[in-house]
**Q** 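First, the structure itself, so that you have it in front of you.
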Amino acid sequence: MIKVQQEDFDVGAELAALSRDRHQVGAVASFIGLVRDVAGDSELSAMTLEHYPGMTERQLQKLEAEALSRWPLDRVLIIHRYGRLLPGDQIVLCAATSAHREASFEACAFLMDWLKTKAPFWKLEEVDGEGKWVAARQDDDAAAARWQTDKTNVKQTE
Amino acid sequence: MKLLYFAWLRDRIGLAEETIELPESVTTVGQLATWLAQKSDGHAEAFADPNSVRCAVNMDYARADAAIGPDDEIAFFPPVTGG
């Protein structure tokens, strides 16, 4: 399930809904991304997330389908916010449910790594009243690249 | 043809979107970027470094050699920084 929204989300309620009445699920792995109060060496006052409406949903749906095809998952959830956020605010929630933990953990890491290089969002950091676009990180490209090998043979050993 | 710009490309060009008449000689994403760079000083600044510009054709990522037509929605933007 994909949600691209301005409003905040309730992690507990979202995760509970993901596995409610799904008794085949034994593992729920999740990641929550927050706005930090630093931008380089400066104090960040706010961060505005811009996105490409339509393409964002399309790319996240492709990402969800890719995760479901690579691992034996029950469900995938990605919630990503846009608009002006403050330090401490939640930006993104990513979760994967499955019978066993290995698939959930791996799928959750995969979703975040690919999201960071494929979902059309751009961060504008506000420092001392000035806005500055965040540059893409090579670390993120490297993190995403590690999933380009064949990862479809995840064993269920637990 | 409808064009969309995001993040600092939009700031430099001064437009979030524009509609253009696609010249017959422009048939790929790369040719379009080169042609757009001549439109204004802002366009020239936005497209100055091809390595820092990404493109989507009809909401899917496209490379410089991707074919384009007059009915396509084309977006130009910097490398993404979500998550």
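Computed from a predicted structure; not experimentally measured. A note on names: the letters A, B, ... follow the listed sequences, proteins ahead of strands, and every chain is numbered from 1.
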**Q** Short question: side chain of Arg101(A), backbone of Ser98(A) - any donor-acceptor pair under 3.5 Å?
**A** no
**Q** When you compare the side chain of Phe110(A) with that of Asp113(A), does any pair of heavy atoms fall below 4.5 Å?
**A**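 A side-chain contact is absent here, since even the closest heavy-atom pair is not under 4.5 Å.
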**Q** Is Asp60(B) in contact with chain A via its backbone, its side chain, both, or neither, using a 4.5 Å heavy-atom distance?
**A**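 Both parts, heavy atoms under 4.5 Å.
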**Q** Residue by residue, which of residues 79-92 of chain A have a heavy atom closer than 4.5 Å to a heavy atom belonging to chain B?
**A** His80(A), Ile91(A), Val92(A)
**Q** Using modelled atom types only, decide if a donor and an acceptor are shared between the side chain of Ser104(A) and the backbone of Ala27(A) within a distance under 3.5 Å.
**A** yes
**Q** Is there a side-chain contact between Phe47(B) and Arg12(B) (heavy atoms, below 4.5 Å)?
**A** no
**Q** Under 3.5 Å, side chain of Arg70(A) to main-chain N/O of Trp147(A), donor-acceptor pair present?
**A** yes
**Q** Taking a hydrophobic cluster as the set of Ile, Leu, Val, Met, Phe, Trp and Tyr residues connected by side-chain heavy atoms closer than 4.5 Å, whether directly or through intermediates, do Met59(B) and Leu32(B) fall within one such cluster?
**A**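 Yes, one cluster joins them.
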**Q** Can you list the residues of residues 114-139 of chain A that sit under 4.5 Å from chain B, counting heavy atoms only?
**A**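 Heavy-atom contacts from residues 114-139 of chain A to chain B are Leu115(A), Lys116(A), Thr117(A), Lys118(A), Ala119(A), Pro120(A), Phe121(A), Trp122(A), Lys123(A), Trp133(A), Val134(A), Ala135(A), Ala136(A).
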**Q** Between CD of Glu18(B) and OH of Tyr5(B), what distance do you get to the nearest 0.5 Å?
**A**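 Result: 3.5 Å between the selected atoms.
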**Q** Has the side chain of Asp37(A) got a donor or acceptor atom that lies under 3.5 Å from a matching backbone atom of Leu44(A)?
**A**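 A pair under 3.5 Å: no.
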**Q** Can you tell me how far apart CG (Leu93(A)) and CD1 (Ile78(A)) are? Round to the nearest 0.5 Å.
**A**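 Spacing of CG (Leu93(A)) from CD1 (Ile78(A)) equals 9.5 Å.
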**Q** Whether the side chain of Glu106(A) engages the backbone of Ala103(A) through a donor-acceptor N/O pair (distance < 3.5 Å, no angle test) should be reported.
**A** no
